[in-house]
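Worksheet: one structure, shown below.
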2 protein chains.
Amino acid sequence: MESSDARRANRAAVLGHLLALGAATRVAIGRATGLSKATVSRVVDELMHDGLVREGGPMSGGGPGRQALALRLAGEDRVVCGVDLGGTHTRFLVTDLGGRVRAWARESTPHDRDAAGIAAWLAGHIGALTGDTAPSATAIGLPGAVHPGTGAVRTVPNLPQLEGTALREALDGLLTGVLAFDNDVNAALRGEVTAGAARGHGTAVLVAAGTGLGAAVHLDGRPLPGRTGGVGEFGVLPHGAGTLEDAISGGGMVRRARERGHAVGDAAEIFAAAANGAGTGLRAVLDEAREALGVLLTAVTVAYEPEVVVLGGGVAPAFGPWLPGLRAALAEVTPRPPLLRPSALGDPAGAIGSWVTALQAVYQGMDVALPDLGGVATTVLKHLTKEDPHVPASPA
Amino acid sequence: MESSDARRANRAAVLGHLLALGAATRVAIGRATGLSKATVSRVVDELMHDGLVREGGPMSGGGPGRQALALRLAGEDRVVCGVDLGGTHTRFLVTDLGGRVRAWARESTPHDRDAAGIAAWLAGHIGALTGDTAPSATAIGLPGAVHPGTGAVRTVPNLPQLEGTALREALDGLLTGVLAFDNDVNAALRGEVTAGAARGHGTAVLVAAGTGLGAAVHLDGRPLPGRTGGVGEFGVLPHGAGTLEDAISGGGMVRRARERGHAVGDAAEIFAAAANGAGTGLRAVLDEAREALGVLLTAVTVAYEPEVVVLGGGVAPAFGPWLPGLRAALAEVTPRPPLLRPSALGDPAGAIGSWVTALQAVYQGMDVALPDLGGVATTVLKHLTKEDPHVPASPA
DNA sequence: GCAATTTGTTTCAGGGTGAAACCAAAGGGG
DNA sequence: CCCCTTTGGTTTCACCCTGAAACAAATTGC
């Protein structure tokens, strides 16, 4: 494996184009990478010797001339797993390295168990979905700040038992392959950037308003993790008597409504009641939320000058009617305001983002840059939204 | 010049160490870069053939053995110029490529001239300071947002005639060499990162409170320019009845004091009067400023999780007594708050930062990464603060 | 003057590449 | 049916770059 510098780069280029194209001939790879036929042949020989590439049958070429042999990545039976571990629900997504969905599931999170119990539960479901082929990489998004270096978890209001490194330690013994953790909002943004509302934009922000309030940031195509994973916690900024999180998040809005004497169950009720001409108290809560959202978007805009800001999370769909007004407000603050869009992936965004992370980990282990996953991810999304909830793992 | 890939890298490595060490022998370069003697000799031959390196006299080596020949960068007579073009004063700094100060000056900005007039004035001073050796690169920091791609200038409240590309176009005809523009706060942060309060920190923020309010950001050692150069305009965030800029900047504080009926000339008077037990009106202005500064620092912290936040600008020294309280407030918001420090370079920070930019441009033209300038920059700073204001250009 | 020591150059083997010559296999026309 | 054309893949060769080692050069100390 200890190849020279040039060799590593060429191996990576060949593998990358093979991943992107699925199957290709040697000359096609040469044309695509700019390498000579000789070099491609040599590199492919080496890769086949290493067991990373295998020769498939003849390619269905139309014209005259010798029939080309298709090359494919060996080990397409390897799979990766993306998990979105939420406070109430957890999504699992298993695909092979080519992005073909093998299985997926959506389950209620057993939030009353301790870290080891949740780890066992996760490992059990992953095992059931992957069958006999253990995933080469598993990425898990969870509702807390994840330290980029150590992977330690902090600030998990919904699942406080996951604080620290307990989950990682327990899962390390239960799963093989690479194991990666990330904040759930970061994961969701990765999903939106790959195949959703931020597709094609290198600099994007996801504002996630659910029970709490969070934001994730991509700059020039790369996530901005921060020193301790706490980037984007704009919710702590003061606003009025409280904070932005108090005003915008579902939890905060419900609290405020109750303080004003309105017995509401969740944020959706507030929006619904206000639409039906309910009392001024609820309307005031919404006015405050809209105003605070404007402040948040302004802060995000001046902080990063993103090309697009995606509004996600459980409360976000209710923000729809405010978008024109918010866009106008942003245009007054900056000459080139960001695009303001609702989430395109919705709830599965986090699982898709984690799945991308897992794929990335595998590709990185092969020294290959991640190819564009947009098309594949869109297919994956269709699986997750249209088909039957449970797809049992089936051998190829 | 069309060397291969490996050759380019080795040329860059050799040039880089030559720049960092000033003068060195072939073997010393080999030890420092990890290259073999043979390779260093070959690369040096090529560089001498290209006229980039020349052989100096014998090196003063003590021990026995053959006397080593010193290698120096040819064209050490080349100079670069950094300029901080402010609303009232302008600083010029000229050094050779080794960082030795050739000349510097501090002049009143002729703010009543148009863009062409200011360009002519700048070119005149630069010409006087550089004499017959035209600068290889000139970098100019100015109080406005500079578009990273086009170099177009926007939002220059102090010097509105510089809006657009007029200054660049006028100067292009008057100066030879590379010409770079940047926001003055960005330049000052570059200075602080190179040799000031943010030295050694890859992720740093400079909050500049002067007539206006601005911020500049470095992430992982690189500036964050944003799409249109507008990153860091946190002053537009609403706070109380106005904005953060209204509350924190010198201009805003004076305006607020006058609204309350106090005839003050500048922000310093407000601080002085309050210290002498003046009326509650001025005290309220200061209380609001302190509170707004806390909000600003919180926003900066959650946006970037910087290792250090530097407070600069004309008003910043007055913030000194507030630092302990601000640190405590930040510690409540985040588990690992950034360091909070006053500017170490003060007013010359912008000129030093622009000078670093100019040096960088020259090095980049030679495919060389900028070596650590900390030591050199500290020497430069001593010149700018201790010696006589005017050092006429003197030939070596 | 001669050994010791350090600097710089030359030589040589090794790894890597692309261009081109060279086999191999398919289709098509007389 | 044979041969020609066309395309895919391999082998050969010249070239570039590097590091290790042998070698030449210069300087100190005895």
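For clarity, every value in this text was computed on a predicted model and none was experimentally measured. Just so we're on the same page: letters track the sequence lines, and every chain starts at 1.
Atoms OG1 and CG, on A:Thr95 and A:Leu359 in that order, are 5.0 Å from each other to the nearest 0.5 Å. Note that CG of A:Leu18 and OG1 of A:Thr33 are 11.0 Å apart. Values are rounded to the nearest 0.5 Å.
For B:Thr379, the side-chain contact (heavy atoms from CB on, under 4.5 Å) criterion is met by B:His383, not counting sequence neighbours.
Taking side-chain N and O atoms only, A:Ser41 has a distance below 4.0 Å to OP1 or OP2 of D:dT10. An OP1 or OP2 oxygen of D:dC17 is reached within less than 4.0 angstrom by no side-chain nitrogen or oxygen of B:Asn10. Applying the 4.0 Å criterion to OP1 and OP2 of D:dG9, one finds that A:Arg26 has a side-chain N or O inside that range.
Judged purely by distance below 3.5 Å, without hydrogens or angles, the side chains of A:Arg199 and A:Thr194 never pair a donor atom with an acceptor atom. Side chain to side chain, A:Thr133 and A:Thr130 fail the donor-acceptor criterion of an N or O pair below 3.5 Å.
The interatomic distance linking A:Arg7 (CZ) with C:dG18 (C1') rounds to 13 Å, in whole Å. Note: CD1 (A:Ile29) to P (D:dT7) measures 19 Å, nearest angstrom. Here the P atom of nucleotide D:dT10 and the CD atom of A:Glu46 are 14 Å apart, to the nearest Å. Between A:Arg8 atom CZ and C:dG16 atom P the separation is 13 Å, expressed in whole Å. Spacing between atom CG of A:Leu69 and atom P of C:dC23 amounts to 20 Å, rounded to whole angstrom units. Summarising the geometry, the separation between CZ on A:Arg11 and C1' on C:dG16 is reported as 15 Å, rounded to the nearest angstrom.
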Would you check, one step at a time, whether the test side-chain hydrogen bond (donor to acceptor under 3.5 Å, both in side chains) holds for A:Ser36 with A:Thr39? CA-CA 5 Å; A:Ser36 69; A:Thr39 301; 3.1 Å; yes
Polar-atom pairs under 3.5 Å, protein N or O versus N or O of nucleotides 2-4 of chain D: list them with distances, or write none.
none

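When the options B:Leu15, B:Val43, B:Leu71, B:Leu35 are evaluated for a side chain to side chain contact (heavy atoms under 4.5 Å, CB included) with B:Ile29, the one that passes is B:Leu71.
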Sugar-phosphate atoms are those with a prime plus P, OP1 and OP2; base atoms are the rest. Using that split, label each nucleotide of nucleotides 20-26 of chain D B, S or - for protein heavy atoms under 4.0 Å, 5' to 3'. B----BB
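Remark on DNA chain C: of its neighbouring residues B:Glu55 and A:Leu35, the 5'-side contact belongs to B:Glu55, judged by nearest-heavy-atom nucleotide.
Taking the charged nitrogens against the carboxylate oxygens, A:Glu46 and A:Arg7 do have a contact shorter than 4.0 Å, which makes a salt bridge. A salt bridge between A:Arg78 and A:Asp96 is absent, with no side-chain N of the basic residue lying under 4.0 Å from a carboxylate O of the acidic one.
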